[in-house]
Amino acid sequence: MNILIFGKDGQLGKAFKSLFDAATLPSDANILYVGRAECDLSNEDSLVTLLTQFSPSLIINASAYTAVDKAETESELVYAVNAIAPEIMARYVAKNGATLLHYSTDYVFDGQKYGFYLEGDICNPLGVYGKSKAAGEKAISQVFSAGSKGQYAIFRTSWVYGDGGNFIRTILRLAKERDELKIIQDQYGVPTSADWLARVSLSLAFNQQGDLISFPSGIYHAVPAGETTWHGLASLVVQTAIEAGAVLKAQPSAIKPILAVEYPLPAPRPMNSRMSTDKLQATLARSYNDFSPQSVFPQWEGMVREYVRKLVADGLV
Ligand SMILES: NC(=O)c1ccc[n+]([C@@H]2O[C@H](COP(=O)([O-])OP(=O)(O)OC[C@H]3O[C@@H](n4cnc5c(N)ncnc54)[C@H](OP(=O)(O)O)[C@@H]3O)[C@@H](O)[C@H]2O)c1
């Protein structure tokens with residue numbers, strides 16, 4: 001089985017590499033990891049050539065244009081990577097009866113809903129990044145809407161952290177440099193470990209024997225359990241790092257809450273990013289007799305603590 005993984009130098013792409021390196025699953029896999037150097041996704045010809053030559057039966061698209069604020073001024077490039085490239089991947093998959101695992105974002109929503117977003121809720125992205133990701137979702141589902149071969153899953157996730165730049169690492173860097181941090185307290189979401197996201201994605205697409213299985217194509221929300229704010233996340237990160245031995249200038253009591261309106265950014269963000277994972281849980285429960293929601297969808301705090309402790313232990317704080 002040929003597996004093609006885009007985004008090899010990103011957080012999620014690296015998480016997939018660690019997972020496949022550590023696992024025997026799938027036993028007959030020939031995996032190709034692709035980054036910008038091997039295939040620039042804004043170059044359609046280069047993408048089509050790669051798909052034709054490698055002929056994957058599974059594509060994992062962990063790449064994306066993710067610079068949310070910069071995206072406001074680079075619309076054409078953003079759409080090329082986040083909407084046109086995924087559509088080309090979907091066309092290949094639909095034509096060849098393959099499988100596509102793709103990723104999207106909570107930023108497809110405007111954040112005005114009270115409570116948890118469902119997969120079918122109306123998208124109303126606020127910025128170029130969110131609009132391009134919503135366009136990518138739509139393009140993929142339209143390719144498959146005509147009853148074509150193949151299958152796809154679009155995992156909508158939020159606040160991802162892994163091996164790369166992310167909010168948690170920024171907080172730790174700032175907490176070393178400054179006595180006090182002002183962090184937004186009125187935007188709600190769920191921090192998501194890239195390692196966890198990679199594992200959950202594969203559990204939809206593979207059985208325990210390591211065979212690719214069929215699943216209902218569509219959008220799935222994929223985040224751990226619970227919810228927090230950026231301020232709640234920053235406070236836990238600083239507290240955990242200090243407990244793990246990091247020397248920081250900013251103490252937990254110096255993480256001050258502010259409102260989003262006090263910290264304007266080029267791209268507006270949704271105030272509420274919470275997403276229900278009931279659909280993914282129900283789908284996994286149908287595949288696994290021993291499915292346990294508490295162990296597959298643990299609370300976000302434990303994974304953040306583990307991540308911060310590892311950063312401290314590795315001398316990265
Ligand atoms: N990060 C988050 O907080 C977050 C939140 C919600 C959803 N998501 C979604 O989750 C998925 C994974 O995100 P992530 O955090 O792993 O992103 P990431 O760390 O920014 O990685 C994205 C990768 O895509 C690559 N890429 C960008 N433009 C490219 C191009 N033109 N050609 C080839 N490769 C290109 C980047 O390459 P370079 O390394 O060369 O730049 C990078 O390695 C994405 O679909 C993202 O939209 C992320």
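Order of appearance sets the numbers: ligands from 1, and atoms from 1 within every ligand.
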Could you list each nitrogen or oxygen of ligand 1 that sits under 3.5 Å from a protein nitrogen or oxygen, with the atom names and the distance?
unit_1	atom_1	unit_2	atom_2	d
ligand 1	3 (O)	Val160	N	2.9
ligand 1	15 (O)	Gln11	NE2	3.0
ligand 1	16 (O)	Gln11	N	3.2
ligand 1	16 (O)	Leu12	N	2.8
ligand 1	19 (O)	Gln11	N	3.0
ligand 1	20 (O)	Thr66	OG1	2.6
ligand 1	24 (O)	Ala64	N	3.1
ligand 1	24 (O)	Ala64	O	3.3
ligand 1	28 (N)	Arg36	NH2	3.4
ligand 1	31 (N)	Asp40	OD1	2.9
ligand 1	32 (N)	Leu41	N	2.9
ligand 1	40 (O)	Arg36	NE	2.9
ligand 1	41 (O)	Arg36	NH2	2.9
ligand 1	43 (O)	Gly10	N	3.0
ligand 1	45 (O)	Tyr103	O	3.4
ligand 1	45 (O)	Lys133	NZ	2.8
ligand 1	47 (O)	Tyr129	OH	2.7
ligand 1	47 (O)	Lys133	NZ	3.0

[X] and [Y]: side chain donor to acceptor below 3.5 Å:
X	Y	value
Tyr129	Arg269	no
Ser42	Asp40	yes
Ser158	Asp106	no

Heavy-atom pair with the smallest gap, counting every atom of Ile154 and Ser104
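For Ile154 and Ser104, the tightest heavy-atom pair comes out as CG2-CB, 3.7 Å.
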Ring-ring centroid check Phe297 Trp196, cutoff 6.0 Å:
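Yes; Trp196 has its ring centre under 6.0 Å from that of Phe297.
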Describe, in one word, how the ring planes of Phe109 and His221 are oriented to each other, choosing from parallel (under 30°), tilted (30 to 60°) and perpendicular (over 60°).
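Answer is perpendicular, since the angle exceeds 60°.
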